[in-house]
Amino acid sequence: MKFIPFTCPKCGGLVSGTVDSVPGVALLNVDPHTGNAEYAGETEIWWDDQKTDRDSQGRFMLICDNGHVWPAEIQP
């Protein structure tokens with residue numbers, strides 16, 4: 001696939017990846033007597049539901065090694 005543009009508009013660096021959202025469940029430890037909950041310190045990631053972020057026009061969000069993010073289309 002070819003992204004347009006494939007270089008960062010801010011620094012000119014090459015695309016290093018897509019910006020993705022990965023849902024998950026932050027696990028809790030719950031006291032069965034009081035109902036008080038504390039974060040258990042781990043999150044179960046739902047890798048099968050990972051999706052590339054897109055802007056309002058449906059373009060893929062890309063990122064360069066410098067952390068700059070920009071929208072791009074895929075050339076057919």
Side-chain angles (χ1 to χ4, degrees):
M1 80 181 88
K2 182 175 181 178
F3 290 106
I4 305 295
F6 63 90
T7 57
C8 176
K10 289 187 179 178
C11 69
L14 287 174
V15 59
S16 60
T18 58
V19 177
D20 290 5
S21 293
V22 185
V25 175
L27 301 177
L28 300 173
N29 291 322
V30 180
D31 184 316
H33 303 291
T34 66
N36 290 333
E38 293 183 10
Y39 178 56
E42 63 181 293
T43 301
E44 288 183 3
I45 301 297
W46 298 346
W47 292 110
D48 291 342
D49 293 328
Q50 177 178 355
K51 293 188 170 121
T52 298
D53 292 349
R54 295 179 181 233
D55 70 2
S56 62
Q57 297 175 8
R59 296 176 295 185
F60 292 87
M61 300 307 295
L62 304 181
I63 191 166
C64 70
D65 286 340
N66 292 315
H68 303 132
V69 176
W70 72 95
E73 297 179 357
I74 293 180
Q75 184 177 33

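Please read these numbers as outputs of a predicted model, since none were measured by experiment. Along the sequence shown, residues carry numbers from 1.
Closest heavy-atom contact between V30 and A37: CG2-CB, 4.0 Å. Annotation for W46 and V25: closest pair CZ2-CG2, 2.9 Å, computed over non-hydrogen atoms. Across all their heavy atoms, D20 and T18 have their closest contact at OD1-OG1, 2.9 Å. Across all their heavy atoms, N66 and C11 have their closest contact at ND2-SG, 3.2 Å. Smallest separation of non-hydrogen atoms from L62 and A72: CD1-CB, 3.4 Å.
Other residues, nucleotides and ligands contribute more than 12 heavy atoms inside 6.0 Å of the CD atom of Q50. Heavy atoms from other residues, nucleotides or ligands lying under 6.0 Å from CG of D31 number more than 12.
To the nearest 0.5 Å, atom CD of residue E73 and atom NZ of residue K2 are 13.0 Å apart.
A heavy-atom distance below 4.5 Å is found between the side chains of C8 and H68. Looking at M61 and D55, their side chains come closer than 4.5 Å, going by heavy atoms from C-beta outward. Side-chain contact between S16 and I63 is present, with at least one heavy-atom pair separated by less than 4.5 Å. Between D53 and F60 there is no side-chain heavy-atom pair separated by less than 4.5 Å.
Linking ILVMFWY side-chain heavy atoms closer than 4.5 Å, directly or via other members, places W70 and L14 in a single hydrophobic cluster. Side-chain heavy atoms closer than 4.5 Å link hydrophobic residues (I, L, V, M, F, W, Y) into clusters, and following such links, even through other members, never connects I45 to L27. In the hydrophobic cluster analysis, where Ile, Leu, Val, Met, Phe, Trp and Tyr join through side-chain heavy atoms closer than 4.5 angstrom, F6 is grouped together with M1.
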